[in-house]
Amino acid sequence: MIRYLRTFATAAQTASFSATGDRLGLTQSAVSTQIKRLEDDLGYTLFDRAGKSVALNAQGRQALAAAERILDLYDSLKGGHARVASTPIAIGAISTAQIGLLPRALRAFRDAYPGVHVNVLPGMSVQLLSQIDAQELDAAVMIKPNLGIPKDLKWLPLMQEPYVAIAPLRSRGTLDALLRTLPFIRYNRRSYGGQPVDQFLKRQRLQVNDIMELDEPAVILRMVREGLGCAILPGLLAGVRGERVRVLDLPGPALHREIGVLVRQAALKDPVLKALVDSLTVQADALVDEAEGAR
């Protein structure tokens with residue numbers, strides 16, 4: 001709820017959901033969704049809307065004073081943003097997080113900490129887990145490990161990312177027919193993200209014609225867009241619904257992967273790193289809100 005109050009206070013200052021999004025690193029749609037959810041929770045509207053402009057109504061003006069007090073108290077609990085780290089932050093990220101989440105989170109983070117140097121290291125989740133354990137990284141945005149997490153590390157969930165099937169835009173037929181007739185581009189079954197796909201195919205007893213296997217959902221998406229075949233992959237961070245591909249929901253129980261931040265417990269004591277993790281959490285929530293609003 002704190003992030004909704006902060007969005008509300010910023011919108012009150014800018015009188016524009018678009019300008020609010022620019023300031024907070026959100027899309028206009030995400031701002032609108034957050035304000036609507038806050039209004040639903042409070043039980044009354046906060047703004048009078050006229051075209052692209054918004055203005056606080058009488059209830060909104062009363063609510064703003066209370067919201068600002070709450071935000072001041074919350075910021076005082078966190079110790080504010082006065083400290084700037086003297087050493088760089090090293091953060092690892094899987095490829096889809098680098099594309100769909102990290103840029104948004106870093107944009108908002110750098111507004112508060114413009115002087116902090118951030119080293120971003122790409123890698124598969126298995127590799128990032130090893131680098132965190134070896135203290136080569138402070139944190140990593142990755143898929144939740146299947147193995148137990150060491151006691152000196154902490155797992156902070158960000159989102160449940162659903163899997164979808166994708167096929168060339170002009171393809172026709174059911175999912176079963178597409179998988180039987182089109183070449184299948186497989187998400188690496190030995191990776192954390194590819195294992196659920198392999199399990200789904202076996203559970204549904206679906207036959208596929210494998211032509212290649214790789215661990216880069218964004219690359220798989222491009223190959224499908226070029227007409228090379230069909231695939232099953234997590235679609236939110238890769239942005240499949242914004243691409244020129246046909247998207248099909250999967251039958252049966254929901255199939256998803258958990259994306260989160262794996263961080264060393266000791267590193268979380270650094271308020272600057274904690275601020276980056278908070279920014280990742282806010283932007284992950286915004287992505288989920290946008291996806292739900294687009295349905």
Side-chain angles (χ1 to χ4, degrees), residues 91-102 121-134 137 139-150 153-167 175-176 178-180 182-224 228-241 243 245 247-263 280 284 287-288 291:
I91 183 168
I94 57 175
S95 60
T96 48
Q98 293 177 60
I99 296 170
L101 176 59
L102 201 56
L121 288 84
M124 294 172 58
S125 294
V126 175
Q127 298 167 333
L128 296 176
L129 173 60
S130 298
Q131 289 176 285
I132 286 278
D133 200 30
L137 295 172
V141 186
M142 54 184 282
I143 305 166
K144 185 177 182 179
N146 296 329
L147 306 174
I149 296 174
L153 304 181
K154 186 175 182 62
W155 176 254
L156 304 170
L158 294 176
M159 65 171 67
Q160 298 290 329
E161 186 178 19
Y163 284 73
V164 294
I166 58 172
L175 174 61
D176 181 62
L178 290 171
L179 292 175
R180 281 188 286 104
L182 292 178
F184 187 68
I185 306 170
R186 184 184 285 271
Y187 190 179
N188 190 330
R189 73 193 85 192
R190 291 176 294 279
S191 68
Y192 290 156
Q195 289 169 9
V197 175
D198 191 51
Q199 295 164 2
F200 167 80
L201 292 172
K202 292 177 179 178
R203 186 169 62 246
Q204 295 291 327
R205 298 182 180 178
L206 294 169
Q207 299 297 317
V208 297
N209 176 27
D210 286 322
I211 61 165
M212 65 183 76
E213 186 168 349
L214 61 157
D215 189 56
E216 294 288 349
V219 178
I220 295 174
L221 173 59
R222 291 194 175 190
M223 290 182 173
V224 173
L228 292 175
C230 62
I232 296 174
L233 75 171
L236 182 55
L237 292 178
V240 299
R241 296 189 185 274
E243 290 285 345
V245 294
V247 181
L248 300 90
D249 292 326
L250 301 179
L255 186 69
H256 63 264
R257 65 177 186 176
E258 183 172 315
I259 300 295
V261 182
L262 187 64
V263 61
L280 285 163
L287 276 171
V288 173

Measure across L128 and A140 and return the closest heavy-atom pair with its distance rounded to 0.1 Å.
CB-CB, 4.0 Å

Can you tell if the side chain of L233 reaches within under 4.5 Å of the side chain of V197, non-hydrogen atoms only?
no

Heavy-atom side-chain contact between L102 and L280 under 4.5 Å
yes

If I take atom SG from residue C230 and atom CD1 from residue I185, how far apart are they, to the nearest 0.5 angstrom?
7.5 Å

Under 3.5 Å, side chain of E161 to main-chain N/O of L237, donor-acceptor pair present?
yes

Quick one: does any side-chain atom of Q131 pair with a main-chain N or O of L137 as donor and acceptor, under 3.5 Å?
no

Side chains of L206 and F184: closer than 4.5 Å at any heavy-atom pair?
no

Is there a side-chain contact between V164 and D249, using heavy atoms and a 4.5 Å cut-off?
yes

Could you tell me whether a side-chain N or O of S191 sits under 3.5 Å from a main-chain N or O of D215, the two making a donor and an acceptor?
no

Report, as yes or no, whether the 6.0 Å neighbourhood of atom CZ on R222 holds more than 12 heavy atoms from other residues, nucleotides or ligands.
no

So do the side chains of I211 and M223 get within less than 4.5 Å of each other, counting heavy atoms only?
no

Do the side chains of L201 and L179 get nearer than 4.5 Å, heavy atoms only?
yes

Within the side chain of E216, is there an N or O that forms a donor-acceptor pair under 3.5 Å with the backbone of S95?
no

Contact check, side chains of P251 and F200, non-hydrogen atoms, under 4.5 Å:
yes

Please step through side-chain contact (heavy atoms from CB on, under 4.5 Å) for the pair V219 and M212, ending with a clear verdict.
CA-CA 12 Å; V219 178; M212 65 183 76; over 6 Å; no

Is D198 paired with R186 through a side-chain N to carboxylate O contact shorter than 4.0 Å?
yes

Minimum heavy-atom separation for A139 and V261, please, with both atom names.
CB-CG1, 3.9 Å

So which atom in S125 and which in Y192 form the shortest heavy-atom distance, rounded to 0.1 Å?
CB-CD1, 3.2 Å

For the atom pair CG (L236) and NE2 (H256), what is the distance rounded to the nearest 0.5 Å?
13.0 Å

Spacing of CG belonging to L262 relative to CG belonging to D133, to within rounding of 0.5 Å:
9.0 Å

CG of N146 to CD of Q195: how many Å apart, nearest 0.5 Å?
5.0 Å

Rounded to the nearest 0.5 Å, what separates atom CG in D176 from atom CG in L248?
11.5 Å

Could you check whether R257 and T96, counting side-chain N and O atoms only, form a donor-acceptor pair closer than 3.5 Å?
yes

Between I232 and V208, is any pair of side-chain heavy atoms under 4.5 Å apart?
no

Return the minimal non-hydrogen interatomic distance between A165 and L175, and the atom names on each side.
CB-CD1, 3.4 Å

Approximate separation, where rounding is to 0.5 Å, of K144 NZ and I149 CD1:
6.0 Å

Just by distance, do the side chain of Y163 and the backbone of G193 share a donor-acceptor pair under 3.5 Å?
yes

Looking only at heavy atoms, what is the nearest atom pair of M142 and L129, with distance?
CE-CB, 4.1 Å

Closest contact, heavy atoms only, A93 versus Q98:
O-NE2, 3.1 Å

